[in-house]
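Nothing here was measured: the structure is a model prediction, and the numbers come from that model. So that the names make sense, note that chain A is the first sequence line, chain B the second, and so on, each numbered from 1.
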Protein chains: 4
Amino acid sequence: MRMSLNTFGHLFRVTTWGESHGPALGATVDGCPPGVPVSAEALQVWLDQRKPGTSRFTTQRREADEVEILSGTFEGVTTGTPIQLMIRNTDQRSKDYGDIAEKFRPGHADITYWQKYGVRDYRGGGRSSARETAARVAAGGIARAALATLAPDLRIAGYMVQMGTQTIDRSRFDLEEIANNPFFLPDAGAVEDWSSYLDGIRKAGSSVGAMIELRASGVPVGLGAPVYGKLDTDLAAACMSINAVKGVEIGEGMAAAMLTGEANADEIAMGPDGPVYSSNHAGGILGGISTGQDIVVRFAVKPTSSILTPRKTISRSGEDTTIVTKGRHDPCVGIRAVPVGEAMMACVLLDHLLLHRGQVGETLPGRIG
Amino acid sequence: MRMSLNTFGHLFRVTTWGESHGPALGATVDGCPPGVPVSAEALQVWLDQRKPGTSRFTTQRREADEVEILSGTFEGVTTGTPIQLMIRNTDQRSKDYGDIAEKFRPGHADITYWQKYGVRDYRGGGRSSARETAARVAAGGIARAALATLAPDLRIAGYMVQMGTQTIDRSRFDLEEIANNPFFLPDAGAVEDWSSYLDGIRKAGSSVGAMIELRASGVPVGLGAPVYGKLDTDLAAACMSINAVKGVEIGEGMAAAMLTGEANADEIAMGPDGPVYSSNHAGGILGGISTGQDIVVRFAVKPTSSILTPRKTISRSGEDTTIVTKGRHDPCVGIRAVPVGEAMMACVLLDHLLLHRGQVGETLPGRIG
Amino acid sequence: MRMSLNTFGHLFRVTTWGESHGPALGATVDGCPPGVPVSAEALQVWLDQRKPGTSRFTTQRREADEVEILSGTFEGVTTGTPIQLMIRNTDQRSKDYGDIAEKFRPGHADITYWQKYGVRDYRGGGRSSARETAARVAAGGIARAALATLAPDLRIAGYMVQMGTQTIDRSRFDLEEIANNPFFLPDAGAVEDWSSYLDGIRKAGSSVGAMIELRASGVPVGLGAPVYGKLDTDLAAACMSINAVKGVEIGEGMAAAMLTGEANADEIAMGPDGPVYSSNHAGGILGGISTGQDIVVRFAVKPTSSILTPRKTISRSGEDTTIVTKGRHDPCVGIRAVPVGEAMMACVLLDHLLLHRGQVGETLPGRIG
Amino acid sequence: MRMSLNTFGHLFRVTTWGESHGPALGATVDGCPPGVPVSAEALQVWLDQRKPGTSRFTTQRREADEVEILSGTFEGVTTGTPIQLMIRNTDQRSKDYGDIAEKFRPGHADITYWQKYGVRDYRGGGRSSARETAARVAAGGIARAALATLAPDLRIAGYMVQMGTQTIDRSRFDLEEIANNPFFLPDAGAVEDWSSYLDGIRKAGSSVGAMIELRASGVPVGLGAPVYGKLDTDLAAACMSINAVKGVEIGEGMAAAMLTGEANADEIAMGPDGPVYSSNHAGGILGGISTGQDIVVRFAVKPTSSILTPRKTISRSGEDTTIVTKGRHDPCVGIRAVPVGEAMMACVLLDHLLLHRGQVGETLPGRIG
């Protein structure tokens, strides 16, 4: 996935635009193949998963997050021309932004935007707001629609595996449970504890980090490229580009530093439909190219820096001061990062599927056996 | 850092090429500013750090890794035109590659290259060999030379912080020690234990993973861009694109998932020369843009899959078999990944320095105070 | 100017989107420097030049072509984040498109869109309509605003030099006249003849081609790059990408084929402020890099293929038939191509100005004398 | 064809490097599909067409132009990894470059390189030398090999149609004659006149411009993209990027400015294998997408500025002076531009063939009839 400043993707290219409290935000999607069935209603399903205000654990900002398709489709299918997706901002509360306008939140992009550009839209974080991710989810919906046509067996699931001190119990792992709780948890037994924990964080005016896992099954063999266009490179870039993400890993990830070669090798045997692997330390990618095993990616989201606890900071005029960020913030912004991560994974996989067709055609040339 | 399939960088663009046992490998470096003093001798210093055979802990393959500058310089300085760096392969031992040619090493790119392309240069891993990283180090040398001119206070240091069960003791942390031991360790007290540990791995015909930390100090404020061209995104992509890397993190990294907002916020005060921070959980980057604090990146390198322990695998004809990889392999390929990581960081920082000039000119517009 | 499928520019990147009779069309503009004063009103001035229906010589379609700025500005200036420009389509006459839907217009993109994609928005030409150029003009307005800040002496003028059998008389050349006639003619004496000529074409239900010249004065020395990023390459690509353009030339252009080396050389003398040239056969560009002389580009626009004269064609079902294109079409689409060409030139020059800063900084290093 | 500063192409990407009198020059070719038979011998055939010294009408510099393949192939076929092509410079005559080093040739890139970069390799023109085009021809040889596999019916022919006052007689047009004369002329009857004419130019120490036509037959329908990635845009950029080219046109080209809609429309009828056209004013491209008709491109090459006639110029120190360029120069550099143009066309067509696979798969979806 090639990354330009506000664009990602090689052949399936997404450019997001818009500020938190501007008139609208959206995504320009270029390179979607023609003939893919797409509708605003179908995209809305994904946007609703990220939408604020769906539980007490997310910001109470009211945004319908209704997406309009302005171009690139005709009679219900894509035409191969650029697709413009627009989401109007509706809840632009006419409030006083004075504090954020004049002071920099510690741990926030406020100060670096100012230092770099000398101008910034401070209302609700402007471009650095997590609202930008709504546009990613909309674009991801286009990618999913195209994947449904081109790789019908491919499934993408995102879920939380950690939130502060809380972790899931992998022995109870069940992807079916994700839709049944406000944390996208694949572990029904953990929901109650996580709820109590996050209630505590929320009531304290604090916030907390999270770790999200993404898993794609049914991935065609051969997606990716050897060196800089590695599938894992593009997945890492895609995840790291999400607001507040500070780390990304594939398969064993950071834990690979502790393993020996014997422990880390996924042994291979011949199955009826091709190679089968004894394990998946590699996370479904070898040498940057998909093996056909599940692709497993994890990324860590830091706690939001908009908290009620006063923190020391400075003002734009250079005076020491303290700041308390009132407003409607997510106690764990990692929750709503789950559908965002899924969307990014969908974009990367579609992009590499299209690239693969350009690189070697539609069939995989290296048959085994 | 924009990633094309074999190219990285937006304005400072590096394309590496070459196979482990082909005639040569190298890097095409485009976008280096004119007037930068560059010489083969100066590049050689960096290449010698990555060169195999410098201690008993790296592969015993004999390669001089001598770099030739074929274009882009005149009378000792760069001209602004593409710089071609070539390293001839010299130790192409005429041995029998039959085993690797016919069988796939578990955990190696052998199988995916074959499945994707239907053809691969199996000699020494071909394109997927760690030898490709010699070209990165050479290109990184060009980036360092340009940075020495454009950002003379900038320093980049890479070092190991973990190797299998061994970790460093941060209380003894001393960057000056890195040059004094074969592990690039900033902890002199750990060298002996690490040596014994890796001797054990080596003699067992095994291999082990590692974690490398990169640290840049003296980084100008304002490098990076808000969304997809984030400095951390490009650093993550750069590290993940290195052979065998499975995870990347910035500042707190994966541990950010455990923190609260109060714990994670780097408080700000006004210093004599601008903002000063009470801590550096952010790893020197906020909202994708450098703060001026040290940039801190860590990446995990998996153990090499070329080991003497027999592993189950299949042959190209689809038969179950076992494989033992003889030859001259690194017991911990992470050691030689240290100068590679430094080179990638140099490339990303130079690229963003040039981008910043294009984006907002040479001076930073947002003054504080 | 790097061209992606629907994007152009290296650092200043414009992606246009939208269909003739879809809900809206527009441009996503990324890479504009921060702090540039921009308003919808200022953009409207340029859009009004291209707007249909301003004289009897352009299509009578009624479109206000009102542009909305959806992102990327704050308190009247650009912020360095992506600028989204949207123009709603208003005159989507609910007519019967049956003929164009089922038959292919000779000389039109109808047939190739269909053959390539298997689906197309046939209403008013869909994506291939000249309406797409409204988005270019809007984006060009952003480029002009940035140039006004960064290169205040730079002026861009576009004008017609030929329309069918009509040409201008260069001895009467006066840039001030361009604004005074419906043909953007720098030759007041030609207006009456051109009017009669085009009235004849229009009443006959025919159409006619045109040649447009673009001229930039006050261009900084040193914009461009040696080989593929030549300023003339990017100008040629920019012009050729406009609908209906079939040829582009710089300076002497195609006529250079007839010249000898003596005739073509622009001799150089030393002036008070640097080199001065005895002539401008080069069109202001040598080796892909601007000399500081006027940059002179010409491009030819073919006659629109939507004419009232019946032409032989086939239907989607493969039957031979004839077609007559009724509707509100431009008798000379080249007229409205003038502001489009200017917009493209503005985008290319700004892009190269930003690139130049990234490549060699803000000052030109090679002083003469 | 996306153009970066020294790279062109979207998926099939060529980066040329090297100076006229440096150690070597070459091309880094990325994105060639795997399994394409490639050899140095096969590339040499194309290089020999462009090689200097093959007749008295080209420079007498002695260069073997022998190409080495340094990477990207294995056992005679491409592997899908980057292909490095290197040509050593051998005839680096140890002469005095003082005049060119200190004075700027009128009409040459000498002055702009200096003004932009403040440093340049003046030996033989350095990077701005026509020797750079040898690398393009080598890269074009790779493109031709891939096209031979992927589009076996595709044929590319380049030939001169004008040189100064000389033109061809289209009534004698015969592609078979191109190989039989030193001008790549498709008109055997013109060879004698052209020879006498160019002898006169050569003996006078002068030079002359030329026009080259490129023609591709057997092009698959559907290559290209609607707006900025138009096939004609990429062809125009490719040709304009060649040294000394000042104009490019497709089909009717600049003459389209004179035509009416009726005259310009290529009428369509249904043939046994799909649409057939009554004429080819469009030059094989409609709306940026190939129609299946012959693609016809022309480009004009200016006369070389290295002539024996003294011209007024200035020195680096800013003094008025005159210059006479001795040395071994082409009296008509347009002759050797023929194989270069063919190479660029091959690169563009392959690139769009690969892109098309990525965009819509290998089959064309819109069937007619």
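The minimum heavy-atom distance between C:G287 and D:A109, with the atom names listed, is CA-CB, 3.5 Å. What you find for D:I268 and C:P106 is that their closest heavy atoms are CD1-CA, 4.2 Å. Of all heavy-atom pairs between D:G164 and C:M258, the closest is O-CG, 3.6 Å. When all heavy atoms are compared, the tightest approach of D:T7 to C:Y228 is N-CD1, 3.5 Å. Summarising the geometry of D:R127 relative to C:P226, their closest heavy-atom pair is CG-CB, 4.2 Å, with the distance given to 0.1 Å.
With sequence neighbours excluded, the residues forming a side chain to side chain contact (heavy atoms under 4.5 Å, CB included) with C:A236 are C:V248, D:M240, listed by chain and number. Take D:S206 and apply the side chain to side chain donor-acceptor pair (under 3.5 Å) test, not counting sequence neighbours, and it matches C:E262.
With a 4.5 angstrom heavy-atom cutoff, D:I242 touches chain C only via backbone atoms. Of the atoms belonging to D:S315, it is backbone heavy atoms, and not side-chain ones, that fall under 4.5 Å from chain C. Interface remark: D:E319 contributes no atoms to any contact with chain C (heavy atom separation under 4.5 Å).
A distance-only check finds no donor-acceptor pair linking the side chain of D:K246 to the backbone of C:G253 [under 3.5 Å]. Formation of a donor-acceptor pair under 3.5 Å by the C:K230 side chain with backbone atoms of D:S241 is found in this model. No donor-acceptor pair under 3.5 Å is formed between the side chain of C:W114 and the backbone N or O of D:I368. With D:D320 contributing its side chain and C:M270 its backbone, the two residues share a donor-acceptor pair below 3.5 Å. D:E267 places a side-chain N or O within donor-acceptor distance of the main-chain N or O of C:K312, the cut-off being under 3.5 Å. A donor-acceptor pair under 3.5 Å is formed between the side chain of C:T112 and the backbone N or O of D:L286. When atom types are taken as modelled, the side chain of C:K116 and the backbone of D:G224 share a donor-acceptor pair closer than 3.5 angstrom.
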